[in-house]
There are 2 protein chains.
Amino acid sequence: MESDELFEAISHPMRIEILRVLARRPTRFADLKRKLKIDSSGLLDFHLRKMQYILTTNGEGLYTLNERGIAALQAVETVSHMGWQRRAYCINVFVYVAMNAYFAFFIVPNSELLGLYLIVLALTTSWIVFYSYWSFVKRKIHLRKPE
Amino acid sequence: MESDELFEAISHPMRIEILRVLARRPTRFADLKRKLKIDSSGLLDFHLRKMQYILTTNGEGLYTLNERGIAALQAVETVSHMGWQRRAYCINVFVYVAMNAYFAFFIVPNSELLGLYLIVLALTTSWIVFYSYWSFVKRKIHLRKPE
DNA sequence: CCACTTAGTCAATGAGTGTTGACTTGAGCA
DNA sequence: TGCTCAAGTCAACACTCATTGACTAAGTGG
């Protein structure tokens with residue numbers, strides 16, 4: 001996928017707005033114009049033309065996102081949820097500790113499911129190690145303050 | 001986070017190349033020039049200037065990605081791994097079916113862990129329902145052929 | 001039929017983009 | 001001291017972008 005064309009299509013605030021509106025529902029030209037409070041048809045036409053790599057016109061006049069448009073939307077979401085990654089990491093660690101503690105104290109003593117517990121332990125541990133490696137060593141973002 | 005500035009910074013093939021190089025390791029001006037086979041210093045300077053929202057110059061001449069740069073990298077990855085989403089969905093459904101079948105046939109009959117199984121069933125089912133809703137109803141991408 | 005909405009197209013314009021190639025400034029070294 | 005490389009800066013230029021406002025052509029309601 002030729003990323004630059006896709007990013008070009010969403011490198012303007014108005015185009016990101018259009019993307020968000022179209023993500024909710026397919027919309028007609030005039031409705032877009034009203035929702036985004038654009039006076040000029042020419043301007044909206046210009047931006048829709050720049051987004052044509054991302055859009056299709058669905059039957060009669062309805063603009064809608066194509067597969068690349070959905071990728072673009074996901075890229076926007078990825079970027080705007082950036083601040084949650086540190087918190088997500090903490091939640092992951094907490095769930096790991098809680099889950100394994102629960103298994104170790106309540107499940108293992110009074111049953112023969114030690115094998116199952118070991119599988120769970122191995123899976124969750126490799127997950128948390130991989131995730132920690134990715135977060136700390138490779139990216140070093142979770143301990144730094146945002147600038 | 002002001003997404004458009006970030007996407008602006010990666011809406012050119014050369015800048016995506018620079019992003020990928022800097023994701024691997026912090027790099028100096030001349031090394032970037034060599035790696036990307038750019039003859040003109042002015043051109044590289046121009047693109048680095050356009051990417052300044054995403055970069056920091058680490059001590060002596062080393063260009064490196066800042067937190068926004070890492071967000072940009074993730075956006076690029078999101079877009080270029082788009083093709084895997086359909087497969088990921090199938091894997092998810094398979095894991096759901098296999099896991100619940102395993103629990104239902106092997107765990108439940110010969111132990112008192114019915115409660116645990118019901119929790120697992122509830123969690124995995126709500127996960128698969130939510131994921132399916134998101135994928136099929138809201139996005140409609142997993143059954144369509146890519147264009 | 002007239003007014004009005006919808007969905008555009010088109011030309012003009014100033015600001016910004018991508019690229020080139022010449023120039024600068026400072027460090028390293030022979 | 002002069003030479004070379006690294007890391008830029010700068011001016012110039014063609015081209016593209018964002019925006020405006022005028023225009024068009026098709027459909028709709030009264």
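Chain identifiers are assigned alphabetically (A, B, ...) following the order of the sequence lines, protein sequences preceding nucleic acid strands; residue numbering begins at 1 within each chain.
- Only A:Ser40, A:Gly42, A:Leu43, A:Phe46, A:His47, listed by number, bring a heavy atom of residues 38-49 of chain A to less than 4.0 angstrom from any atom of DNA chain D.
- Rounded to whole Å, atom C1' of C:dT19 lies 9 Å from atom CE of B:Met14.
- Between the C1' atom of C:dG16 and the NE2 atom of B:His12 lies a distance of 14 Å, rounded to the nearest Å.
- Judged by distance alone, with hydrogens and angles left aside, the side-chain atoms of A:Arg15 form a donor-acceptor pair with the main-chain N or O of A:Ala9 at under 3.5 Å.
- Residue B:Lys33 has no polar side-chain atom (N or O) positioned under 4.0 Å from OP1 or OP2 of D:dA6.
- Nucleotide C:dT17 holds its P atom 15 Å from the CE atom of B:Met51, rounded to whole Å.
- Remark: the A:Tyr63 side chain and the A:Thr56 side chain contain no N/O donor-acceptor pair separated by less than 3.5 Å.
- A:Met51 is listed as a side-chain neighbour of A:Leu55, based on a closest heavy-atom distance under 4.5 Å.
- The shortest distance between the side-chain N/O atoms of A:Arg28 and the OP1/OP2 oxygens of C:dT6 is not below 4.0 Å.
- Across the protein-nucleic acid pair, A:Leu62 atom CG and C:dA7 atom C1' stand 13 Å apart, rounded to whole Å.
- Distances from the side chain of B:Arg15 to the nucleotides D:dG8, C:dT6, C:dG18 place C:dG18 closest.
- Distances from the side chain of A:Lys50 to the nucleotides C:dG18, C:dG8, D:dA18 place D:dA18 closest.
- Side-chain proximity of A:Glu8 to the nucleotides D:dC17, C:dT19, C:dA7 is greatest for D:dC17.
- Between B:Ile10 and B:Val76, the closest side-chain pair of non-hydrogen atoms falls below 4.5 Å.
- At a threshold of 4.5 Å between non-hydrogen side-chain atoms, the residues A:Val21 and A:Leu32 count as touching.
- Close to C:dT6, at under 4.0 Å from its OP1 or OP2, lies no side-chain N or O of A:Tyr63.
- Going from atom NZ of A:Lys35 over to atom P of C:dT6 covers 13 Å, rounded to whole Å.
- Between B:Arg49 and B:Asp45, at least one side-chain N (NZ, or NE/NH1/NH2) sits under 4.0 Å from a carboxylate O, which counts as a salt bridge.
- At a cut-off of 3.5 Å, with distance as the only test, no side-chain donor of A:Thr27 or A:Lys35 sits close to an acceptor on the other residue.
- In this structure, CD of B:Gln52 is placed 12 Å from P of D:dG8, rounded to the nearest angstrom.
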